[in-house]
Amino acid sequence: MTTALLRTAEALHARARVGRRAVVMTMGALHEGHATLIRTAREIVGRDGEVVVTVFVNPLQFGAGEDLDRYPRTLDADLKIAEQAGADAVFAPFADEVYPGGEPQVRISAGPMGERLEGASRPGHFDGVLTVVAKLLHLTRPDVALYGQKDAQQLALIRRMVRDLNFGVEIVGVPTVREEDGLALSSRNRYLSAVERRTALALSQALFAGRDRHAAQEALRARAREVPATRARAEALSAIGESRAAADAHAVAKAAPATTSVPADVVAAARIVLEDAARLKPPLEVDYLALVDPSDFTEISDGFTGEAVLAVAARVGTTRLIDNLPLTFGAAS
């Protein structure tokens with residue numbers, strides 16, 4: 001397969017369409033995470049469908065002092081990765097193709113959800129993201145568009161925009177791809193020095209600690225619901241064998257069986273890892289750590305049931321990184 005490089009929407013629209021068209025939106029500097037999105041898109045549309053990868057560094061989503069000028073631009077390498085992953089075309093428009101006449105006067109507002117977490121740290125960021133996503137959806141006219149779950153808040157906002165504004169496109173989220181050491185794949189990882197990368201591993205390690213704490217709590221509470229509310233409950237729970245689990249078992253046994261794990265405990269387990277990393281050289285500078293409802297990105301409280309996202313953002317040196325893990329609270333877990 002030879003992947004076509006297209007610079008205008010007119011050239012893209014001139015292509016014959018037989019099956020479904022899937023679009024993977026990127027800012028370039030493609031890596032295995034993007035390749036996974038492209039391969040997933042190919043699986044969705046099949047051999048008769050078309051996979052289009054967009055490469056466009058969107059100036060609207062960069063704030064003052066952010067890395068717009070130094071953001072990596074590697075179109076030749078991107079073409080090779082896209083081709084190897086199964087893309088039919090790479091749509092890499094110039095700025096005046098996306099924004100004729102300069103920056104748009106009319107933009108999409110991300111609303112209250114766009115002002116939380118990432119939005120609080122980067123005011124106006126999600127307005128710029130949604131504006132370019134809307135533009136590219138119109139320019140590429142896909143049946144389905146795929147986005148990585150690493151940018152969980154972005155994915156949630158795109159889904160909300162498509163629903164609220166009646167876009168006729170299916171949105172598919174694809175799980176985060178990680179490197180062997182656990183670091184979530186990101187185009188910004190290349191900015192990290194060797195020592196900075198060691199510090200940066202605390203992001204995923206903190207999430208994994210929160211996940212493990214959540215799993216232990218859910219297992220204990222499931223066991224608590226199965227064991228009669230007697231003195232024997234602590235002994236039965238302690239049979240799990242792990243020292244921490246045994247200690248928790250006695251605490252759980254003294255109370256009525258709960259239905260969910262405690263969000264505050266999950267966050268606390270993750271925070272311990274981040275606090276340790278803040279003492280490293282170079283240190284990890286945490287922006288936020290939050291356990292949120294993915295429908296609106298508000299923080300969840302005790303008693304919450306359903307899907308949640310444990311999200312973190314931090315800076316190492318001059319590089320800002322984000323990561324998250326999905327968790328399920330309650331009987332569904």
With rounding to the nearest 0.5 Å, note down the distance linking [atom1] in [X] to [atom2] in [Y].
| X | Y | atom1 | atom2 | value |
| --- | --- | --- | --- | --- |
| L274 | Y288 | CG | OH | 12.0 Å |
| R122 | I322 | CZ | CD1 | 8.0 Å |
| H138 | F167 | NE2 | CZ | 4.0 Å |
| L327 | E218 | CG | CD | 9.0 Å |
| E32 | E179 | CD | CD | 10.0 Å |
| I300 | L310 | CD1 | CG | 9.0 Å |

[X]/[Y] ion pair, N-O < 4.0 Å:
| X | Y | value |
| --- | --- | --- |
| D181 | R197 | yes |
| R271 | D276 | no |
| R320 | D287 | yes |
| R42 | E50 | no |
| R73 | D78 | no |
| E170 | R20 | yes |

Hydrophobic clusters here meaning ILVMFWY residues chained together by side-chain heavy-atom distances under 4.5 Å, can you tell me if [X] and [Y] are in one?
| X | Y | value |
| --- | --- | --- |
| V174 | L137 | no |
| V24 | V172 | yes |
| F297 | V162 | yes |
| I171 | V129 | yes |
| Y99 | L12 | yes |

Grab the two heavy atoms, one from [X] and one from [Y], that are nearest each other, plus how far apart they are.
| X | Y | answer |
| --- | --- | --- |
| N324 | V309 | CB-CG1, 3.7 Å |
| T140 | L136 | OG1-O, 2.6 Å |
| I81 | A35 | CG2-CB, 4.3 Å |
| R213 | D265 | CG-O, 3.8 Å |
| S187 | G28 | OG-O, 3.7 Å |
| Y71 | Y191 | CA-OH, 3.3 Å |

- Determine, step by step, whether F62 and H125 satisfy the ring pair (Phe, Tyr, Trp, His ring centres under 6.0 Å) criterion, reporting the C-alpha distance in whole Å, the side-chain angles of both residues, the deciding distance to 0.1 Å, and the verdict. CA-CA 6 Å; F62 288 82; H125 168 72; 7.9 Å; no
Close side-chain approach of [X] to [Y], heavy-atom, < 4.5 Å:
| X | Y | result |
| --- | --- | --- |
| N189 | L321 | yes |
| D143 | R17 | yes |
| Q61 | M27 | yes |
| L139 | P93 | no |
| I38 | V53 | yes |
| V52 | D88 | no |
| L130 | L157 | yes |
| P283 | L280 | no |

Looking only at atom types and distance, does a side-chain atom of [X] sit under 3.5 Å from a main-chain N or O of [Y], one as donor and one as acceptor?
| X | Y | value |
| --- | --- | --- |
| H214 | P263 | no |
| S121 | E118 | no |
| N58 | G128 | yes |
| Q217 | V262 | yes |
| E285 | G317 | no |
| E196 | S193 | yes |

- Using the side-chain contact (heavy atoms from CB on, under 4.5 Å) rule, take L185 and T176 through it: C-alpha gap first, then chi angles, then the decisive distance, then the call. CA-CA 8 Å; L185 281 172; T176 300; over 6 Å; no
Listing, residues 101-112 side-chain donor-acceptor contacts under 3.5 Å, not counting sequence neighbours, or none:
unit_1 : atom_1 : unit_2 : atom_2 : d
E103   : OE1    : R107   : NH2    : 2.7
R107   : NE     : P104   : O      : 3.3
S109   : OG     : G111   : N      : 3.2

- Using a cut-off of 6.0 Å, state whether more than 12 heavy atoms not belonging to D164 lie near its atom CG.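 Check passes, neighbour count above 12.
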- Can you list the steps and then say if D323 with R178 is a side-chain contact (heavy atoms from CB on, under 4.5 Å)? CA-CA 10 Å; D323 201 351; R178 299 184 179 277; 2.7 Å; yes
- Message: I'd like to know whether E97 forms a side chain to side chain donor-acceptor pair (under 3.5 Å) with T8, so could you lay out the CA-CA distance, the side-chain angles of the two residues, the decisive distance to 0.1 Å, and finally the verdict.
- Response: CA-CA 7 Å; E97 178 75 11; T8 66; 5.0 Å; no
- Message: Would V312 and L207 count as a side-chain contact (heavy atoms from CB on, under 4.5 Å) here? Give the steps.
- Response: CA-CA 8 Å; V312 63; L207 296 178; 4.0 Å; yes
- Is NZ or CZ of R7 both nearer than 6.0 Å to the six-membered ring centre of F91 and within 45° of the ring axis?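 Here R7 fails the 6.0 Å and 45° test against F91.
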- Would I158 and Y147 satisfy side-chain contact (heavy atoms from CB on, under 4.5 Å), going step by step from the backbone distance to the final call? CA-CA 9 Å; I158 292 171; Y147 302 90; 3.7 Å; yes
